[in-house]
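Worksheet: one structure, shown below.
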Amino acid sequence: MHEMSLALGILGLLEEAARREKAARVKAVWLELGALSAAEPQAIAFCFEAVTRGTVAEGARLTIEAIPGRAWCLPCMESTVIARRGDPCPHCGGYQLHLADGTQMRVREMEIESQRAPDVH
């Protein structure tokens with residue numbers, strides 16, 4: 001299950017950002033996940049919950065935004081939406097497609113809770 005290693009990578013990014021921003025915890029994460037990325041959203045969510053236990057991101061709300069797959073069809077000379085790698089062009093039926101979008105996985109945004117400033121008396 002490569003989603004576990006992907007979730008660990010996401011956690012690493014969150015921990016690094018939380019350290020840099022001196023955050024007490026990560027409250028929410030927005031993840032862009034391409035339809036052609038070969039990662040299952042449900043598996044990512046399950047693994048994210050598992051790897052964040054006991055970390056700065058424990059209990060963080062994970063929102064996954066699906067990015068559709070897009071390819072450039074060489075015979076048609078136009079961009080088209082495809083559901084899976086290896087699908088033919090829906091216009092001409094050809095397989096000369098260059099993937100243009102939908103292969104990515106990216107942490108788009110995160111919400112953090114700042115550390116409390118020490119009380120000054």
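If you're wondering where the values come from, they're calculated on a predicted model, not measured in any experiment. What you see below is based on every heavy atom in this structure, not just the backbone, and it leaves out hydrogens, waters and symmetry mates.
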Can you tell me how far the [atom1] atom of [X] sits from the [atom2] atom of [Y], to the nearest 0.5 Å?
X: S79; Y: H98; atom1: OG; atom2: NE2; result: 10.5 Å
X: F46; Y: M4; atom1: CZ; atom2: CE; result: 6.5 Å
X: M77; Y: W72; atom1: CE; atom2: CH2; result: 5.5 Å
X: S114; Y: E21; atom1: OG; atom2: CD; result: 8.5 Å

C92 and C73, any side-chain heavy atoms less than 4.5 Å apart: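 Yes. Closest side-chain heavy atoms under 4.5 Å.
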Trace of the side chain to side chain contact (heavy atoms under 4.5 Å, CB included) decision for V56 with I112: CA-CA 10 Å; V56 70; I112 60 172; over 6 Å; no
Of all heavy-atom pairs between [X] and [Y], which one has the smallest distance, and what is that distance?
X: A17; Y: M110; value: CB-SD, 3.7 Å
X: I67; Y: E32; value: CG1-CB, 4.0 Å
X: A57; Y: L14; value: CB-CD1, 4.2 Å
X: D87; Y: L97; value: O-CD1, 3.2 Å
X: I82; Y: P88; value: CG2-O, 4.4 Å
X: A43; Y: E3; value: CB-CG, 3.6 Å

Linked hydrophobic residues, V81 as query - side chain contacts closer than 4.5 Å: none
Fellow cluster residues of Y95, listed by chain then number, with links counted only when side-chain atoms sit under 4.5 Å apart: none
Honestly curious: do [X] and [Y] fall in one hydrophobic cluster under the side-chain, below-4.5 Å linking rule?
X: L31; Y: V26; value: yes
X: L33; Y: L6; value: yes
X: L11; Y: F48; value: no
X: L13; Y: L8; value: no

Side-chain donor/acceptor of H2 to backbone N/O of A38, under 3.5 Å: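 Yes.
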Pair R19 + E15, salt bridge at N-O below 4.0 Å: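 Not counted as a salt bridge, because no side-chain N and carboxylate O are separated by less than 4.0 Å.
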Where at least one partner belongs to residues 46-67, residue pairs that pass side-chain hydrogen bond (donor to acceptor under 3.5 Å, both in side chains), sequence neighbours excluded: E65-R108
Stepwise side chain to side chain contact (heavy atoms under 4.5 Å, CB included) test for R70 and T80: CA-CA 6 Å; R70 296 198 66 78; T80 186; 5.8 Å; no
K27/R25 under side chain to side chain contact (heavy atoms under 4.5 Å, CB included): CA gap, chis, key distance, verdict: CA-CA 6 Å; K27 294 172 64 175; R25 69 184 194 98; 3.6 Å; yes
From CA spacing to verdict: side chain to side chain contact (heavy atoms under 4.5 Å, CB included), I64, L62: CA-CA 6 Å; I64 299 175; L62 176 65; 4.0 Å; yes
